[in-house]
Participant: 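Here it is, the structure, as structure tokens.
Counting starts at 1 for both ligands and their atoms, following the listed order. When reading the values below, keep in mind they use all heavy atoms of this one structure, side chains included, and skip hydrogens, waters and symmetry mates.
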Amino acid sequence: MSPDSRELDGLADDLLTIGQVSDRTGVPRSALHYYEEIGLVGSLRTPGRQRRYPRHMIRRITLISVGRNLGIPLADIARALEPVPLDHRPSEMDWQRASQEWIRVLEQRRRTIEQLEQRLTGCIGCGCLSLEACHLLNPSDQLGDGGIGARRLEGQ
Ligand code: FES
């Protein structure tokens with residue numbers, strides 16, 4: 001976003017400083033700089049090169065914060081915001097689309113945690129920490145399915 005100063009004059013009532021945006025969203029200035037650097041948010045510049053954020057950017061930043069609070073990677077947040085131009089306020093539909101995608105991410109994460117839990121449960125009372133047998137140390141090892149211990153040596 002790089003309007004000339006005439007555009008800024010026309011938007012003056014609708015522009016916020018980085019401090020105002022940080023106060024209203026709870027997002028530190030450094031994070032706002034970073035989000036802008038990677039194209040997640042945009043700002044305008046005054047003739048003195050100070051950042052000014054269109055008011056609608058608050059909603060975009062809030063959506064990013066929700067994603068971050070859920071542990072959604074920035075790359076996935078960026079993908080969700082891709083269809084929303086920087087000069088548009090994310091709509092309810094945009095939010096619904098993002099939240100549906102993030103629910104899928106969280107469900108996948110839950111399944112992974114459940115699998116890890118099952119593997120950990122299998123270790124309770126064992127303590128072998130065997131690189132060969134332990135599902136946690138060697139999750140894709142088929143030998144681990146046969147039980148604990150040095151499975152390759154058995155039967156030789
Ligand atoms: S400690 Fe994990 S299988 Fe023994």
Participant: For Glu36 and Ser43, does a side-chain donor sit closer than 3.5 Å to a side-chain acceptor?
Facilitator: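 Looking only at side-chain atoms, Ser43 and Glu36 do form a donor-acceptor pair, the distance falling under 3.5 Å.
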Participant: Which of the numbered atoms in ligand 1 are below 4.0 angstrom from a heavy atom of Cys123?
Facilitator: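 Heavy-atom distances to Cys123 below 4.0 Å select 1 (S), 2 (Fe), 3 (S).
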Participant: Do Val21 and Ile38 share a hydrophobic cluster (ILVMFWY, side-chain heavy atoms under 4.5 Å, transitive)?
Facilitator: yes
Participant: So, taking the atom named OG in Ser22 and the one named CD1 in Ile61, what distance separates them when rounded to the nearest 0.5 Å?
Facilitator: 9.0 Å
Participant: Which of the numbered atoms in ligand 1 are below 4.0 angstrom from a heavy atom of Gly127?
Facilitator: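 It comes down to these atoms of ligand 1: 1 (S).
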Participant: Show the nearest heavy-atom pair for residues Val41 and Leu32, with the distance to one decimal.
Facilitator: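 Taking every non-hydrogen atom into account, CG2-O, 4.0 Å.
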Participant: How wide is the angle at atom 4 (Fe) of ligand 1 spanned by Cys126 SG and Cys128 SG, rounded to 10 degrees?
Facilitator: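 Value, to the nearest 10 degrees: 90°.
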Participant: Does even one non-hydrogen atom of Leu136 get within less than 4.0 Å of ligand 1?
Facilitator: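 Heavy atoms of Leu136 never come under 4.0 Å of ligand 1.
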Participant: Find all atoms of ligand 1 within a distance of less than 4.0 Å from any non-hydrogen atom belonging to Cys134, and give their numbers and elements.
Facilitator: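 Matching atoms, with element in brackets: 1 (S), 2 (Fe), 3 (S).
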Participant: Salt bridge or not between Glu101 and Arg104? Use side-chain N to carboxylate O under 4.0 Å.
Facilitator: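 Result for this pair is yes, salt bridge flagged.
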